There are 2 protein chains.
Amino acid sequence: MATISEVAERAGVSVKTVSRVMNNYEHISAKTRKKVRLAMDELSYAPSSIARQMRLGDPQSIGMLYGDPGSGYQARLNHAVLKACSDARRYLAVELFEEHDPEWRRQVEAFLDRTKVQNLILVPPMCDSTELHKLLQERGVRTVLISPSRQISGSSSIAMDDRLAAMEMTKYIIGLGHKRIGHIVGHPGHVAALLRRQGFEEALVNAGLEVRQDFVVGAGSFFFKDALACAEKMLTAENRPTAIFASNDEMAAAVIMVANRLGISVPEELSVAGFDNTSISQTMWPELTTVAQPFEAIAREAVRLVSDDVKRDLTVSATRVLPHEILYRGSTGPAPKE
Amino acid sequence: MATISEVAERAGVSVKTVSRVMNNYEHISAKTRKKVRLAMDELSYAPSSIARQMRLGDPQSIGMLYGDPGSGYQARLNHAVLKACSDARRYLAVELFEEHDPEWRRQVEAFLDRTKVQNLILVPPMCDSTELHKLLQERGVRTVLISPSRQISGSSSIAMDDRLAAMEMTKYIIGLGHKRIGHIVGHPGHVAALLRRQGFEEALVNAGLEVRQDFVVGAGSFFFKDALACAEKMLTAENRPTAIFASNDEMAAAVIMVANRLGISVPEELSVAGFDNTSISQTMWPELTTVAQPFEAIAREAVRLVSDDVKRDLTVSATRVLPHEILYRGSTGPAPKE
DNA sequence: GAGTGCAGTGACAGCGCTGTCAAGATAAAG
DNA sequence: CTTTATCTTGACAGCGCTGTCACTGCACTC
């Protein structure tokens, strides 16, 4: 409601000075600053990001390319970014991005033109498109990548430590007494899937357990449907595993499904663990033990990174790794007695 | 890239005239109009919605309050609205809305102030908040409701015919030869759940089948977890149903889960149908027969409704009902022989 | 006491667009 | 051939904000 000039009038200063206070300009006397702050509070003034953006490319504006939230992961992430912006009182311009659309280039350009966004948050899979990065670089748009498969020079990125988390999860399962543990591998094109597998195998090796190759299976995707066959293969094998750690929640849910069908009870006869803490993990019954991606923290950090403080002199691309958490829920339990 | 003044220059007219052409102003000579159009095309000009919004409340701008997309329904709907705006080249301002947040009022007001949005698309459950409507009315914001539980005077709304769809689905199941059909009721606070139940019962009655009250159960929610018990109750009953129609996909998935556990094969011994066509319906195996909400059409219509053409003289609130579709997939089949 | 430097502030313009008003052009009317 | 009504167009201002530049003090120097 309140406009900047009302604040200025109330504080008895010029409009420009109010602007300076807002943007933490250096050369402002403490007294003036306080006066302005007070006036702003009294009028509960919030700057209009619209007007800011108008000033040809407000460096404050944030954009996000929004993929199809078909997967729980996408949905959670999009939501988290939205929330982080909302909390930070930052305006988020959202644009749909359809990978397969041959028009995507035009779409993105139109988006940038319309919104004059200078900062873009890119989530998977958009963050791995070389073409997209080239376009953005040409246009001088700064990007922050969330869990990219590889570094892009000039972009900082934020991720969690998939390998470590997978290791911890596996260690936990081993700690429950399990000896025969299976893993369902995710999409091999995603680095995350590889890292999770690595962490899994590493934990087994560390514990002196054998890595049975017939217990590390994957169907080339992250999908429920494809995981069904993998789970079936493992669970009908001789000396079947007593625990299965899937590369994501959806596939873990498939394991539970198959176990149900085969009359194997979870967690009594089979422990199941997933990864991501997406909605399906609590939809299932028993609820899935899983790795909680720090979605909220990741999003908050992303917003922070595109903010003023962080100078863009980093030609070196920094990666920030955020801590995860393991959620112990009903789908895992002590290994059954032989 | 191109700005309005470039277009004006190229067309040899004033900036204002270009603006008039864009907005389909009446008194423009055909010749001028054509010239301007041509110049716009040549420069592939797209108006900056930012600048428009700046002109204090661009009536073109659309906003949306964005709920937690935890459920597949929410995610699909949000995505569809986003896509519709993108296709219509309309700028969508998105704001998170947390029902339980005591600060919601402030949040929404700040959002409206910041963005000057004049049109708001409201999806469930936001579209049913009396408080919210009061606030929006005070501020003169026009709203379009998607699948509201009840009419709000002054707002037009868009919905599908839940009752009819449920009837059709049930009729289809009956057509497959099923005689004992169960229904899992959704959240009784949602009108959709009630309508679906009505449609179900109506179809049974029409077919001369008995409505067994022990086969119409609900646990007061739309959740997977709660549906498990309902399914179990029905499936362990004597003379169990040979088909179960759940009020949404998530609960239908739960039915499949329970069936698996009980060694009842789907669809050979039990047909299962859901509602909504959310992602879980294709995540499941067999894939769920379900009612496809016309998400895309609903969203497109919503965008159309907030557009200029439709005058806001409708003090009467019109409801537009969009056609649904039934998706026949693997989870339903002919009734087993007795 | 005049010169230099910088902290602190404001006047002004302009981002891309549209509402207002008024002028010029044309058509209809007298 | 004027007068009036109507159509078509442009000049101008201003939405809320920030970059630029220029100005005022005051603290130092020599």
Side-chain angles (χ1 to χ4, degrees), chain A residues 1-37 39-40 43 45-61 89-91 93 110 112-118 308, chain B residues 1-37 39-40 43 45-61 89-91 93 110 112-118 308:
Chain A
M1 203 65 208
T3 147
I4 192 172
S5 48
E6 298 178 54
V7 176
E9 195 177 354
R10 185 174 190 107
V13 299
S14 80
V15 174
K16 178 65 203 181
T17 299
V18 176
S19 163
R20 279 194 260 256
V21 170
M22 267 196 299
N23 295 285
N24 292 315
Y25 218 76
E26 296 177 65
H27 306 306
I28 290 275
S29 72
K31 216 190 302 174
T32 311
R33 192 182 303 268
K34 205 186 289 181
K35 260 194 314 190
V36 173
R37 283 264 156 73
M40 281 166 73
L43 274 60
Y45 163 80
S48 152
S49 3
I50 297 292
R52 284 182 152 184
Q53 245 158 289
M54 184 128 168
R55 292 258 338 99
L56 194 51
D58 161 27
Q60 295 261 25
S61 66
R89 295 284 161 103
R90 299 289 288 278
Y91 191 64
L112 296 176
D113 289 341
R114 277 208 325 274
T115 62
K116 304 253 161 53
V117 166
Q118 299 285 36
D308 37 16
Chain B
M1 201 66 208
T3 147
I4 193 172
S5 47
E6 298 179 54
V7 176
E9 196 177 352
R10 184 172 191 109
V13 299
S14 80
V15 174
K16 178 64 207 183
T17 300
V18 176
S19 162
R20 277 195 262 257
V21 171
M22 268 196 301
N23 296 286
N24 292 315
Y25 217 76
E26 297 177 66
H27 306 305
I28 290 276
S29 73
K31 216 190 306 178
T32 311
R33 190 183 302 268
K34 206 186 291 181
K35 262 194 313 190
V36 173
R37 283 266 158 73
M40 281 166 74
L43 276 59
Y45 164 80
S48 152
S49 4
I50 297 293
R52 286 182 151 184
Q53 244 157 290
M54 181 122 173
R55 291 250 350 91
L56 195 51
D58 162 26
Q60 296 262 23
S61 65
R89 296 282 163 102
R90 298 288 289 280
Y91 192 65
L112 296 175
D113 288 342
R114 275 209 325 273
T115 62
K116 304 245 160 55
V117 167
Q118 298 285 35
D308 36 15

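Computation of the quantities below employed the complete heavy-atom set of this structure, encompassing side-chain atoms and omitting hydrogens, waters and symmetry-equivalent molecules. This one's a predicted model, so the numbers in the text were calculated from it and none came from an experiment. Numbered from 1 within each chain, the chains take letters A, B, ... in sequence-line order.
- Listed here is the closest heavy atom pair of A/Ser19 and A/Ile4: N-CD1, 4.0 Å.
- With axes fitted over five pairs at each extremity, the angle between the ends of the helix from C/dG1-D/dC30 to C/dG30-D/dC1 is 50° (10° resolution).
- Among the heavy atoms of the strands lying under 4.0 Å from B/Thr32 are primed sugar atoms or P, OP1, OP2 only; no base atom is included.
- Phosphate proximity of C/dC17 to B/Tyr45: present, with a side-chain N or O under 4.0 Å from OP1 or OP2.
- Here the NZ-CD1 distance, from B/Lys35 to B/Ile28, works out to 10.5 Å after rounding to the nearest 0.5 Å.
- Atom CD1 of A/Ile4 is separated from atom C1' of D/dC17 by 6 Å (rounded to the nearest Å).
- Atom-to-atom, CD of B/Glu9 to P of C/dG16 comes out at 14 Å; the value is rounded to the nearest Å.
- Following rounding to the nearest Å, B/Tyr25 (OH) and D/dC7 (P) show an atom-to-atom distance of 12 Å.
- If you check D/dC17, C/dT18, D/dG10 against the side chain of B/Met22, the one that comes closest is C/dT18.
- Remark on DNA chain C: of its neighbouring residues A/His27 and A/Val13, the 5'-side contact belongs to A/His27, judged by nearest-heavy-atom nucleotide.
- Relative to the side chain of B/Thr17, the nucleotides C/dC17, D/dT18, D/dT9 differ in distance, and D/dT9 lies closest.
- Following rounding to the nearest Å, A/Lys31 (NZ) and C/dA7 (C1') show an atom-to-atom distance of 14 Å.
- The side chain of A/Ser29 places an N or O atom within less than 4.0 Å of a non-bridging phosphate oxygen (OP1 or OP2) of C/dT9.
- The nearest whole Å value for the distance from the NZ atom in B/Lys35 to the C1' atom in D/dT9 is 11 Å.
- When the nucleotides C/dC17, D/dT9, D/dG16 are ranked by their closest atom to the side chain of B/Thr3, C/dC17 comes out on top.
- The two residues A/Ala8 and A/Val18 come nearest to each other via the heavy atoms CA-CG2, 3.6 Å.
- Nearest heavy atoms, B/Val21 versus B/Arg37: O-NH2, 3.8 Å.
- Atom CE of A/Met40 is separated from atom C1' of D/dG16 by 14 Å (rounded to the nearest Å).
- When distances are taken from the side chain of B/Lys16 to each of D/dA11, D/dG16, D/dT9, the shortest belongs to D/dA11.
- In this structure, the side chains of A/Arg20 and A/Lys16 come closer than 4.5 Å at one or more pairs of heavy atoms.
- Nearest nucleotide to the side chain of B/Asn23, out of D/dT18, D/dT8, C/dT18: C/dT18.
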Margin query: One character per nucleotide, please: for nucleotides 21-28 of chain C, 5' to 3', B when the base has a protein heavy atom closer than 4.0 Å, S when only the sugar-phosphate does, - otherwise.
Written below: --------
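- Counting all heavy atoms, side chain and backbone alike, B/Tyr45 lies closest to B/Met22 at CE2-SD, 3.6 Å.
- When the C1' atom of C/dC17 is taken as reference, atom CG of B/Asn24 falls 16 Å away, rounded to whole Å.
- The shortest heavy-atom contact between A/Ala11 and A/Val36 is CB-CA, 4.1 Å.
- Considering only the side chain of A/Ser14, C/dA11 comes nearest among D/dG16, C/dA11, D/dT9.
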